[in-house]
Protein chains: 4
Amino acid sequence: MPNTPPVKPVPGGETRPRGRPRDEGARLAILRAAREMLERGGVAAVTMEGVAQRAGVGKPTIYRYWPNAHAVAMAALLEDAPAEPETRAARGALPALRRQLRQIATLFATPMGRSVTMMLASADQDTELSKAFRNHFIMARRTDGKALLAAAITEGALRPDFDVEVALDLIYGPLFYRLLAGHARLDATFTDALLDHVLAGLAARRQRVTKS
Amino acid sequence: MPNTPPVKPVPGGETRPRGRPRDEGARLAILRAAREMLERGGVAAVTMEGVAQRAGVGKPTIYRYWPNAHAVAMAALLEDAPAEPETRAARGALPALRRQLRQIATLFATPMGRSVTMMLASADQDTELSKAFRNHFIMARRTDGKALLAAAITEGALRPDFDVEVALDLIYGPLFYRLLAGHARLDATFTDALLDHVLAGLAARRQRVTKS
Amino acid sequence: MPNTPPVKPVPGGETRPRGRPRDEGARLAILRAAREMLERGGVAAVTMEGVAQRAGVGKPTIYRYWPNAHAVAMAALLEDAPAEPETRAARGALPALRRQLRQIATLFATPMGRSVTMMLASADQDTELSKAFRNHFIMARRTDGKALLAAAITEGALRPDFDVEVALDLIYGPLFYRLLAGHARLDATFTDALLDHVLAGLAARRQRVTKS
Amino acid sequence: MPNTPPVKPVPGGETRPRGRPRDEGARLAILRAAREMLERGGVAAVTMEGVAQRAGVGKPTIYRYWPNAHAVAMAALLEDAPAEPETRAARGALPALRRQLRQIATLFATPMGRSVTMMLASADQDTELSKAFRNHFIMARRTDGKALLAAAITEGALRPDFDVEVALDLIYGPLFYRLLAGHARLDATFTDALLDHVLAGLAARRQRVTKS
DNA sequence: ATCTAAGCGAGACGGTACGTCACGTCTTGGG
DNA sequence: CCCAAGACGTGACGTACCGTCTCGCTTAGAT
């Protein structure tokens, strides 16, 4: 056969993928379509057929990228939320943490918030995409929060001798709880009160936890 | 409780339902079948066809009781968990609260725990059954916890001047958070540490960590 | 469970099928749709999706009756051709045979003729439907022909001492041959000539052309 | 022969094709792969994707030679059967004809025989390849047979005054008939009996049609 | 010794149809 | 009026091929 060695296995180099490269435009169209369908109808509305039609794409193309509709919805949510970490700003770490919580509450108030929770609650915990999803929507926020707590300790605003992991659970847990349970509003008033309660036990000695 | 009145209680009359009465055995068989299918495969495995076949029941019979498969799964979970409230026992309210949290963690560790969360996360928040479900799995626990906190205040174990609702969110929220996020184990060690942290700020001590 | 013995296994009786009976109307609509699609486009045009849509029927309904599109096409052809055996008429068996051949040639000249041949040529020779199809389109005609040949012998028009099976192959074979090969027209002129040739050797004459 | 001129024979010039010439090895690999897939699975198994993969060839390369899978299968069958005409051998034309029929029966008994028939029965009667196919598998044999009949007349074994075309239909038709109908074996016993019957009516006067 | 046009493998692309599954509704005969 | 059974139209599933279209690479005659 001709072209017998079609790839040069360059040692230590990039084996460039053969054949026609994937069409990034198709991928984007799929995600955009999925996003639209997520907004109306939620996760259940993200069907392969619907996405294919709306994106002007063949079903096999979608399956080339993701194994099922669930994964497409996840990817759409992932692509959508651009992380925007709450960096420690002007007046200290604790105000920054307060802003982050308010921001999360705002996100959760949208239909997307419920979608995110549904995806988190769903099955297939162990796929790569699932981990990325969790990482993006939970661990990233948590990592930011961890840094802010450490900064607060450095600033002398918090005691240095508490279990940070549990504190983080105390801070973020109630948000999901209210979202799931729906027994009360999930707004800035709540996040502020929540933070006050958590920090009350962690304030540096004779240091006041003022309005932070 | 779900589906308590299968017939319309016509006010002022004892209009006995005409025709053949509903077969309670069928209802139980349906719920039992749904429970079995929940355990393997989770919520997605509870299909109308599967339940009908496994229960030896016609599909219309199921639809007579519940409007869709989701509701059947909810009802099965509701019927299954018999509440068993953690009453304030021997040595005080706070140990009882501690026991309740451990018990919840134990439930969440089972496959059923994840199913419960999935159902909570699902759509149709506003049906009667959905509210009953929330009431059973969230508010009932929360109500118990509220009573225990009140008792602890009465016992003098806690300060009387904190926001009980936020405290309850702090106590139960992290459980759902860990279940959803899966970033760390959900066991007695965690629930104990969690409770310690929350109560640390609420203990009835001379020294306070207040805002002023 | 209620209604425990739902079927009375009447010994030696008809176990009447339970549940909703099949809708004969659906079956007929399917066959009619398939027939229409056969006429334009031939066998390849008979797709499950097309038939379902045109017949106003769900795909699973079609699959309840037939296992694949091929079978549907066969069934449509079978239902269509009402056999109409060429009975030995007024003036003897041989004229009747002649009429039968002309009639077959007429059928083969239509688009349906080619479809029939394609189905005969197709795979899955051993299904029940395939056998029925062969039986209808080949053996039925052949059986008629056999009876006519026997009658002709009785009438004294043909010798009694020839191999009827081979004679039948000689009579019907060339029809399919011309249809497949397409090297010449398939009309009454041909069928008449064909029959003359075959019968020439079988005529009850004094002079014989035998092997000995 | 198929695809003989892969380049347009520009009249009046020997414009040698520019660029890289076609790889004959690829063409052969394709046909070999198609042949293999024909043997198991028949015509339906000859898919473009399958052939491409099995032949280690890109799909566009196949499309450069043939317009669809059907054509590839035809070409594979054409390439395979090398015609081998039954020339009038030692002891006369009729024995040669007898041998030809036996040989055809042998071919038809193989899975390839059915494939040939399916291709003949298929649609697109009018493409160049279809005509070549018919020519190869039907007319070539028929032409040989015609020559043999003529020779037999010359030899004095047959009467000179019969319609040769109809006689040829009588001879070859039953072979296809039995293949399609499958009502009886297609072997040398049958072809011999068939030939005897046909020739019985055509034997020269007072000349015996002996074992031929 | 380049240039350049065509063939090459690979494989992604928009489609169409496949055959399956579960949905929620309906229609039976029987209790 | 309930029950079991099961057929119905609907619609999404995930798969297989279709025939077309890039890709980057030969290959070999023309420059």
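Just so we're clear, the structure is a prediction, and the values are computed from it rather than from any experiment. Naming convention: chains lettered A, B, ... in sequence-line order (proteins, then strands); numbering from 1 in each chain.
Heavy-atom distances to DNA chain E give each of A/Asp23 and C/Tyr63 a nearest nucleotide, and the one nearer the 5′ end belongs to A/Asp23. Both A/Arg64 and B/Ala52 lie near DNA chain F, and the one whose nearest nucleotide falls closer to the 5' end is B/Ala52. Sequence order on DNA chain F of the closest nucleotides to B/Glu24 and C/Glu24 puts B/Glu24 first from the 5' end.
By the salt bridge (Lys or Arg N to Asp or Glu O under 4.0 Å) test, A/Arg27 pairs with A/Glu24, A/Glu79, sequence neighbours left out. Applying the side-chain contact (heavy atoms from CB on, under 4.5 Å) test to B/Ala69 and every residue at least two apart in sequence or in another chain returns B/Met48.
Residue C/Gly50 is out of contact with every strand shown, counting any heavy-atom pair closer than 4.0 Å. Across all strands, D/Pro60 comes closer than 4.0 Å to base atoms (heavy-atom distances). Within the nucleic acid shown, D/Ala69 comes within 4.0 Å of sugar-phosphate atoms alone, with no base atom in reach, counting heavy atoms only.
If you take CD1 of D/Ile62 and P of F/dC17, they are 13 Å apart, rounded to a whole angstrom. Residue C/His70 contributes atom NE2, which lies 19 Å from atom P of E/dA17 at whole-angstrom precision. Summarising the geometry, the separation between OH on D/Tyr65 and P on E/dG9 is reported as 9 Å, rounded to the nearest angstrom. Straight-line distance from the CE atom of D/Met37 to the C1' atom of F/dC17: 11 Å, rounded to whole Å. Atom CH2 in A/Trp66 sits roughly 19 Å away from atom P in F/dA12 (whole-Å rounding). Rounded to whole Å, the distance from CD1 on C/Ile30 to P on F/dC8 is 8 Å. Rounded to whole Å, the distance from CD on A/Glu49 to C1' on E/dA17 is 12 Å. One can place CD of C/Gln53 at 12 Å from P of E/dT16, the figure rounded to the nearest angstrom.
Residues D/Leu38 and D/Ala73 approach most closely at CD1-O, 3.9 Å, considering heavy atoms.
Judged by distance alone, with hydrogens and angles left aside, A/Lys59 brings no side-chain donor or acceptor close enough to the base of E/dG15 to form a pair under 3.5 Å. You won't find any donor-acceptor pair under 3.5 Å spanning the side chain of A/Arg20 and the base of E/dC13, going by distance alone.
Under a cut-off of 6.0 angstrom, the local environment of CD in A/Gln53 is sparse, with at most 12 non-hydrogen atoms contributed by other residues, nucleotides or ligands.
Nearest nucleotide to the C/Met48 side chain, out of F/dC8, E/dG19, E/dG24: E/dG19. Taking every side-chain heavy atom of D/Ala26 into account, E/dC8 is the closest of F/dC17, E/dC13, E/dC8.
A close approach under 4.0 Å does not occur between any side-chain nitrogen or oxygen of C/Thr61 and OP1 or OP2 of F/dA7.
Inter-residue side-chain proximity for B/Val57 and B/Asp23 is flagged as unmet; no heavy-atom pair is nearer than 4.5 Å.
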